[in-house]
Amino acid sequence: MSMLEAAHENDTEPEGACEGSLVCSTCHVIVMDMEYRNKLEDPTDEENDMLYLAFGLTEMSCLGCQVIAKPELDGMQLAGSRDFAVDWYVPKPH
Ligand code: FES
């Protein structure tokens, strides 16, 4: 199960408009801890192309539809980029 699917099962964001087809960036999420970010697979070129279009891109960004749950990620916290920007994060230009 991807993080996007897990979010939808719990009636929460992100949107995920293309449902994991890698043609949008509406599933953009931010990993809250570098320890977990380092456990993720390197993004593919296709994923990077979509990430570059994401609002509030950071080095901790990833596409929720591409992050698949696995035991090593147990406890990982993600923030939706929209929520993050509204609460306290000031996005840097990219
Ligand atoms: S849902 Fe569109 S790229 Fe993830």
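For ligands, and for the atoms within them, numbers begin at 1 and follow the listed sequence. Worth knowing before you read on, the calculation uses all heavy atoms, side chains too, and leaves out hydrogens, waters and symmetry mates. Note that the structure is predicted; figures quoted are calculated from it, not measured.
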| query | With a 4.5 Å limit on heavy-atom distance, are the side chains of Met60 and Met34 in contact? | reply | yes
| field | Any donor-acceptor N/O pair, Ser21 side chain to Val23 backbone, under 3.5 Å | value | no
| query | Do you see an N/O/S atom of Cys27, backbone or side chain, under 2.8 Å from atom 2 (Fe) of ligand 1? | reply | no
| remark: The single option from Val31, Leu73, Val29 that satisfies side chain to side chain contact (heavy atoms under 4.5 Å, CB included) with Val67 is Leu73
| field | Passing candidate, side chain to side chain contact (heavy atoms under 4.5 Å, CB included) with Met76, options Lys70, Met3, Lys39 | value | Met3
| said: Under 4.5 Å between side-chain heavy atoms, counting indirect links through other Ile/Leu/Val/Met/Phe/Trp/Tyr residues: same cluster for Leu22 and Leu4 or not? | reply: no
| message | Check contact between Gly20 and ligand 1, using heavy atoms of the residue and a distance below 4.0 angstrom. | response | yes
| task | Answer with yes or no whether Thr26 contacts ligand 1, where contact means a heavy atom under 4.0 Å from a ligand atom. | result | no
| note | For Leu22, the atoms of ligand 1 under 4.0 Å from one of its heavy atoms are 3 (S)
| message | Among all protein heavy atoms in this structure, tell me which lies nearest to atom 3 (S) of ligand 1, with the distance rounded to 0.1 Å. | response | Cys24 O, 3.1 Å
| In terms of hydrophobic clusters joined by side-chain contacts under 4.5 Å, are Ile68 and Met1 together? | no
| Counting backbone and side-chain atoms alike, does Cys65 have an N/O/S atom under 2.8 Å from atom 2 (Fe) of ligand 1? | no
| message | So if I count the atoms of ligand 1 from 1 in the order they appear, which ones are less than 4.0 Å from some heavy atom of Cys18? | response | 1 (S), 2 (Fe), 3 (S)
